[in-house]
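Okay, so here's the structure we're looking at.
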Amino acid sequence: MISRLNRISRETPGCPECFPRLSFTQIAFPANDKSLFMSTVRTRFAPSPTGYMHIGGMRTALFNWLWARHNGGQFILRIDDTDQERNLSEALGPILQAFKWLGLDWDEGPEVGGEHGPYFQSERNDLYRGAVDKLLAAGKAYRDYDTPEQIQADREAASQEKKNYLNIRRSLELTESELEQYAAEGRPSVVRLLVPRDQKIQIDDAVRGHVEFVAGLMPDPVILRGNGTPLYNLATVIDDAQMQISHVIRAEEHLSNTPVQVLIYQALGYELPQFAHIPFVAAPGGKEKLSKRKLDKYRKSPQFKKMFDKAEAVFPRIGLENAGGLDPVMVEYYEKIGYLPEAILNSLARLGWSLDDKTEFMSLDTIVENFTLDRIVKAAAGLDPDKLLNFQSHWMNQLSLEDKIEHCSPYLEKAGLVQDASQPEVKERISRVIVGMEDRLKVASDILEFDEFFVPDVQLEYDDKAFKKRIQKSEEAVALLEKFKEQLAQTDDFSAAALDHLLHEFVEAEGIGMGQIIHALRVAVSGKGTGIGMFDCLSILGQASCVKRIDRAIGLTQNA
RNA sequence: GGCCCCAUCGUCUAGUUAGGCCCAGGACAUCGGGUUUUCAUCCCGAAAACAGGGGUUCAAAUCCCCUUGGGGUCACCA
């Protein structure tokens with residue numbers, strides 16, 4: 001374990017000698033700032049209530065959670081609803097549900113509260129206003145009366161001259177009396193941070209290393225809107241500082257926001273957290289950030305197609321029209337289609353992080369134990385549906401039979417294939433089918449592909465291609481089926497082993513190859529060309545069904 | 001376009017911080033063979049990468065520089 005302790009963990013708070021991020025000599029530390037000596041790792045995830053949980057966001061949340069748990073620290077959930085008009089509980093519900101489903105608990109946040117609340121930014125306006133007032137008073141921010149049109153014109157002018165745009169700062173030239181007059185007449189204004197243009201901003205990122213930005217290239221960012229509400233960059237800094245977040249672990253698209261935030265930290269005299277900008281989750285087979293806005297493109301992607309196909313095959317059958325509005329960018333998609341939390345967690349953890357050179361399958365406990373920031377990969381990683389399915393297959397196989405039944409039964413019920421899966425004889429059948437499925441059961445909803453065991457004999461649908469190939473176009477198939485059916489009808493032992501024996505004897509007596517009958521038999525009783533082991537299949541269906549189905553199949557050849 | 005980040009098999013990655021153990025290891029996917037007188041598994045095997053160019057060095061995937069490519073971000077969004 002100790003040897004695993006990496007550069008970063010050595011730099012975590014509690015070790016004042018190796019605080020690379022304290023190279024900001026210009027920061028004034030309040031003498032009584034306890035947080036300077038805090039040793040608790042506190043991480044946070046701050047989703048905005050969008051109505052769904054993004055799978056990439058989930059990975060970011062997971063890394064935060066892992067780092068907190070690895071260090072015995074706290075994980076905080078905070079809701080970024082500063083720009084929020086929709087129904088909050090409706091928009092937040094699916095997000096919290098995703099955390100609950102995966103078992104990622106939070107120590108502070110919605111539903112659980114905590115000492116550093118409130119945990120909704122919309123309820124923290126006083127804090128933001130107070131900070132802005134402080135910045136204004138200290139001359140580190142200014143009230144800007146420039147209209148959006150003016151700003152736009154300035155930008156265009158700069159771009160015409162091929163120059164980098166910087167605020168003209170006209171409002172700084174205003175006289176005392178003009179300012180008073182503007183304020184009195186309620187002229188619209190925003191508050192901007194006064195960027196110290198002579199600085200270099202340095203960030204020591206746990207994943208990226210040392211990154212520098214030139215402040216002289218940065219426009220003055222708006223920190224307070226005209227309506228008095230804060231912007232993300234302001235709110236996040238104040239919240240992180242006040243909530244004593246030790247490590248800000250977030251996706252790399254935030255790296256370019258970081259200099260603004262560092263300036264705000266400095267202006268407010270706050271200690272900087274350790275930043276860790278992890279790569280974003282990319283779309284399968286690419287390097288582009290996975291985005292809900294590109295769903296139409298994904299539908300055509302060969303890697304992604306399987307997931308959409310699966311959704312189309314499963315969701316309508318369980319009563320979700322239009323796939324229930326679910327797509328593979330959403331965590332809920334995986335939950336509803338029958339993935340296991342273990343598989344999603346394992347897969348997400350391996351996306352951009354590894355334990356060593358060969359370990360693939362890891363329980364959450366194993367991941368927590370071994371998770372360190374220095375093993376995070378720098379490059380963006382594409383979500384790989386095939387590999388995810390492989391993880392899923394592995395974890396599904398770890399489940400007890402009882403658990404598998406538990407996971408699969410709801411699908412059969414929702415699809416109307418069984419009335420009540422808890423009834424003993426129904427449960428027994430489900431159990432036998434699952435045993436017969438063996439590794440064919442990967443995702444819980446896969447059981448729907450074995451509906452032949454649950455539909456009434458007369459409603460069994462025959463796969464056209466398989467029926468034609470194995471029965472219709474096979475010269476001897478019908479005759480053999482007819483003959484073997486008689487034997488099936490007469491036997492009194494319908495166990496898989498006995499049926500195995502029976503068919504082998506039949507084949508021998510007829511002097512034919514197994515292949516000449518078994519395919520036809522399979523299609524006749526199951527309607528499909530592939531399925532579980534033949535004898536398990538017959539045995540589960542039972543004598544009466546097998547006979548009826550063979551008769552029906554033979555009948556169908558005569559009608560055609 | 002400015003700024004910033006990134007670069008090992010098709011994909012996810014190990015190896016890069018402390019150069020030699022690497023003519024580069026594992027996994028997924030692919031292909032071939034075997035087992036299963038059915039389907040799926042399973043087993044064995046194959047193919048498959050250090051973006052390019054310069055340096056430094058006895059030695060470079062690893063350090064430095066340049067080029068190229070990919071990506072992110074440039075809001076009174078988060």
Side-chain angles (χ1 to χ4, degrees), chain A residues 6-7 46-50 57 80-84 121 144 148 151 155 158-159 162-165 188-192 203 205 207-209 211-214 217-219 221-233 235-236 250-259 277 279-280 282 284-289 303 347 350-361 374-375 377-391 393 397 436-441 503-504 507 512-522 526 528-537:
Chain A
N6 51 80
R7 190 173 24 152
S48 76
T50 52
D80 268 9
D81 57 349
T82 52
D83 184 47
Q84 180 54 45
Q121 290 192 327
D144 185 10
I151 300 285
R155 279 184 190 281
S159 114
K162 291 197 161 46
K163 273 166 55 184
N164 195 270
Y165 167 76
S189 67
V190 296
V191 177
R192 288 182 189 275
I203 295 158
D205 190 275
V207 175
R208 313 271 143 195
V211 185
E212 274 189 12
F213 295 85
V214 177
L217 259 23
M218 290 165 52
V222 174
I223 54 176
L224 201 69
R225 292 188 183 90
N227 66 7
T229 57
L231 271 97
Y232 168 75
N233 278 327
T236 198
R250 62 191 5 172
E252 75 172 287
E253 63 256 33
H254 285 287
L255 189 55
S256 35
N257 283 324
T258 309
H277 287 94
F280 50 78
K287 292 288 173 203
E288 281 181 20
K289 190 166 69 162
Q303 295 96 331
S347 182
R350 273 294 283 108
L351 208 57
W353 179 82
S354 65
L355 193 162
D356 55 26
D357 58 340
K358 47 191 53 139
T359 309
E360 295 287 342
F361 300 122
D374 71 323
R375 293 197 62 86
V377 175
K378 289 187 178 75
L383 181 73
D384 184 347
D386 282 326
K387 193 136 183 168
L388 170 59
L389 193 61
N390 183 253
F391 283 118
S393 180
N397 275 129
M437 283 170 74
E438 296 181 84
D439 292 353
R440 298 169 188 84
L441 175 65
L503 185 63
H504 278 90
V507 163
I512 56 169
M514 182 68 89
Q516 286 171 270
I517 174 142
I518 201 161
H519 297 288
L521 186 58
R522 176 185 293 285
S526 77
K528 293 167 187 159
T530 62
I532 71 171
M534 188 71 259
F535 308 107
D536 284 329
C537 175

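Here is the naming used below: chain letters follow the sequence lines, and residue numbers restart at 1 for every chain. Computed from heavy atoms alone, side chains included, the values below leave out hydrogens, waters and symmetry copies.
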For G45(B), which nucleotide is its Watson-Crick or G-U wobble mate, given both distances must be under 3.5 Å? C31(B)
Taking a pair to mean Watson-Crick or G-U wobble geometry with both distances below 3.5 Å, U38(B) pairs with none
I'd like to know if the side chain of R522(A) and the backbone of I532(A) have a donor-acceptor N/O pair within less than 3.5 Å. yes
Which part of the nucleic acid does K289(A) contact within heavy-atom distance under 4.0 Å: base, sugar-phosphate only, or nothing? sugar-phosphate
Between A78(B), C76(B), G72(B), which nucleotide has the shortest distance from any of its atoms to the side chain of F280(A)? G72(B)
Under 3.5 Å donor-acceptor, K387(A) side chain and S347(A) backbone: no
At under 4.0 Å between heavy atoms, which parts of nucleotides 61-66 of chain B does protein reach? Answer with one letter per nucleotide, 5' to 3': B base, S sugar-phosphate only, - none. ------
For atom CD of E288(A) and atom C1' of G71(B), their distance in whole Å: 8 Å
Side-chain donor/acceptor of R208(A) to backbone N/O of H277(A), under 3.5 Å: yes
Which part of the nucleic acid, if any, lies within contact of V211(A), taking any heavy atom under 4.0 Å across all strands shown: a base, the sugar-phosphate backbone alone, or nothing? sugar-phosphate
Side chain of L255(A) only, heavy atoms from C-beta on: which candidate in C6(B), U73(B), C5(B) is closest? C5(B)
For N227(A) and C77(B), give me the distance from atom CG to atom C1', rounded to whole Å. 13 Å
Considering every strand and a 4.0 Å limit on heavy-atom distances, what is the contact class for R155(A): base, sugar-phosphate, or nothing? sugar-phosphate
Base A78(B) to side chain N257(A), donor-acceptor N/O within 3.5 Å cut-off: yes
Can you tabulate the close N/O pairs, meaning under 3.5 Å, that link protein atoms to atoms of nucleotides 34-38 of chain B?
unit_1, atom_1, unit_2, atom_2, d
U38(B), O2, R522(A), NH2, 2.2
U38(B), O2, M534(A), N, 3.3
U38(B), N3, M534(A), N, 3.3

Searching all strands shown, indicate the nucleotide that pairs with A61(B) (Watson-Crick or G-U wobble; both distances under 3.5 Å). none
I'd like to know if the side chain of R375(A) and the backbone of W353(A) have a donor-acceptor N/O pair within less than 3.5 Å. no
Derivation of the side-chain contact (heavy atoms from CB on, under 4.5 Å) call for D205(A) and T258(A): CA-CA 10 Å; D205(A) 190 275; T258(A) 309; over 6 Å; no
Counting primed atoms, P, OP1 and OP2 as sugar-phosphate and everything else as base, the B/S/- map of nucleotides 8-15 of chain B against protein heavy atoms under 4.0 Å is ---BBSSS
